[in-house]
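Before any comments, here is the structure.
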Amino acid sequence: MEIAYALEHPVKLQLKLRVQGFTVLLGESGVGKTSFLKALAGLIFATGQPFGGLRAEHRPVGYLPQHFALFPHLRAWQNVAFPLAHLPPPQRKAQALAYLDQMGIAGLSEQFPRELSGGQQQRVALARALAREPKILLLDEPTSALDAATREEVFGGVLERLKSLQIPTLVASHDQWLAQRADWVGVLTRAGLVQQGTSEEVFTRPATLEVARLVGFRNLWEGTVVLLEGAWALVATPIGLLKAPRQAWVSLGQPIRLGVRPEEVFTLQGRENLIRGRVRHLRSQGLRIRGQLLIGEAVLDFLLPRYKQLQLDLHEGQWLEVALEPHCLHLIPAD
Amino acid sequence: MSDPVFWQTLRLTLEVSLVTTLILLLLGLPLGWVLAHKRFWGKRVLESVVLLPLTLPPTVLGFYLLLLMGQNGPIAQTLGFTWAFRFEGLVVGSVLFSLPFALNGYREAFRGLELDLIQTARTLGAGWRRVWLEVILPITWPGILSGTILAFAHTLGEFGVVLMVGGSIPGKTQMVSIYIYDQVQALQFGRASEAAAVLLGVSFALVYLVRTLEDEWRSRMPSSTR
């Protein structure tokens, strides 16, 4: 589904976005993600297609706001039955229960929203949105109301169910974890929609510096292209000469940015792009170790699995040599 | 309770209060909604005007209404009728005077309502009628009822405005509070205390009801707002 919308208020926004499968519109707060979803749902005035000019109550969309907006005075099944007003009462309840069952929470049908956990509320709200028989599902920050620690557990199941339904789903989120699991990702910044592509494409080959930062490139050095050879470019950076995949737009002598994700810094593997530096700021982050390598004045962020720390007997102040796999380096136009 | 005039007076008072309350409901609900959720030019002026009776001496309000609706007032001259010293005049005065009480209740009830609920209801296919009947009113009714009861109770004990506009004609425009005053003036303390006790009982029962509804309303607020 292709979406082309323009809105003026509360943010000026004009964007063309493809929605295929589970699509995440990634962006920081305040860039207009929520407004865009609301515009699509017909809650904010906008022009564009699809559904242009239709009133909110006539649009075939399933809209899920950040806090789910369950009706507090209705039981779970009554919430789900709300969009089924066109059915006779007995059928209404049966249908509502079927949707709850589809989300795996048929057992909670008689509960009131205040008796449900955040994850359960979300499933009820999704069942209710599905009961609308939408042509597209719109989810606003679906993981932000969930506990980060249990997010994977709570939303993972929902994600699988959503994907199996084959209803195009557009999710507004700043959550990288969610975007990495998407079929398609659009990146929205204050400048507008700056990139869209598969999740792998956006996360490994961000088009601009801003996108690179947004998708987790913590290492972004300024550099100059000194040699072009076949599919490769040799770049002079503050941490040394590095070999990276050549991009079509790259020319010799051009100032560029070179990026690598902290989780793609490997130790002692390969022969190319060897970097030596002093280890500092070691911190454990879940089951992984975050740290920095100080190379002269420049800093390289890395994220290693815990066993690596044990293997290497990693400690602060130690000299360490790492290899940056050339395929994992990425060239970005300088701003 | 031997005085037949007292029963006439009580009946009139209840009638005025009931009609006033119904009008307040029709007028106050849309106004409360607008004040709670809409932004527009001159909103603060409108709010100040409708809240004015809270600080204005009732006699001042009554005086202006008397000028407006009296025999030589602008309404009599342009539209040809006078509502001063009549049931209608009592109602107009009471509506204006109790409006802030009803409105505060309605506005607070609507303010506590998350707009997300209304927007989501619309995306689920509900037109404005269904949104009001199945979402807004079922969630806010305790607040609406408490504002309404408060306005009713307030009208019941109304003195200054109804004295100015109605003129305390026994059996026609005399309200209970004025009746009590007149009995005291006439040194009829027995009658005065009987009437006062009735008002006290009714007022307490109404305020108690309001408090109960407020608690009910709080427990209904959605847990997702925590």
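Within every chain, numbering begins at 1; the chains are lettered A, B, ... in the order of the sequence lines, protein sequences first and strands thereafter.
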Neighbour count above 12 (heavy atom, 6.0 Å) for A:E28 CD: no
Heavy-atom neighbours of B:R111 CZ exceed 12 at 6.0 Å: yes
Around A:H174, counting heavy atoms of other residues, nucleotides and ligands shown, do more than 12 lie under 6.0 Å from its NE2? no
Which heavy-atom pair separates B:R130 from A:A85 by the least distance, and what is that distance? NH1-CB, 3.4 Å
Side chain to side chain, B:T123 and A:P83, heavy atoms closer than 4.5 Å: no
Give me the atom names and distance for the closest heavy-atom approach of A:H73 to B:P138. CD2-CB, 3.4 Å
Tell me whether the count of non-hydrogen atoms from other residues, nucleotides or ligands lying under 6.0 Å of NZ in B:K43 goes above 12. yes
Evaluate the side-chain proximity of B:E134 to A:F82: yes if any heavy-atom separation is below 4.5 Å, no if none is. yes
Rounded to the nearest 0.5 Å, what separates atom CZ in A:F68 from atom CG in B:D116? 11.0 Å
If you round to the nearest 0.5 Å, how far is CD1 of A:I44 from CD of B:Q119? 7.5 Å
Might you confirm whether atom OH of B:Y208 has over 12 heavy atoms from other residues, nucleotides or ligands at distances under 6.0 Å? no
Once ring-ring contact (aromatic ring centres under 6.0 Å, His included) is applied, do any residues pair with B:H37, and if so which ones, sequence neighbours excluded? B:W33
Rounded to the nearest 0.5 angstrom, the CG-OG1 distance for A:L64 and B:T120 is 7.5 Å
Results of salt bridge (Lys or Arg N to Asp or Glu O under 4.0 Å) for A:K16 - residues two or more places apart only: none
In Å, rounded to the nearest 0.5 Å, how long is the span from OH of A:Y63 to CG of B:L124? 11.0 Å
CZ-CH2 distance between A:R55 and B:W128, expressed to the nearest 0.5 angstrom: 9.0 Å
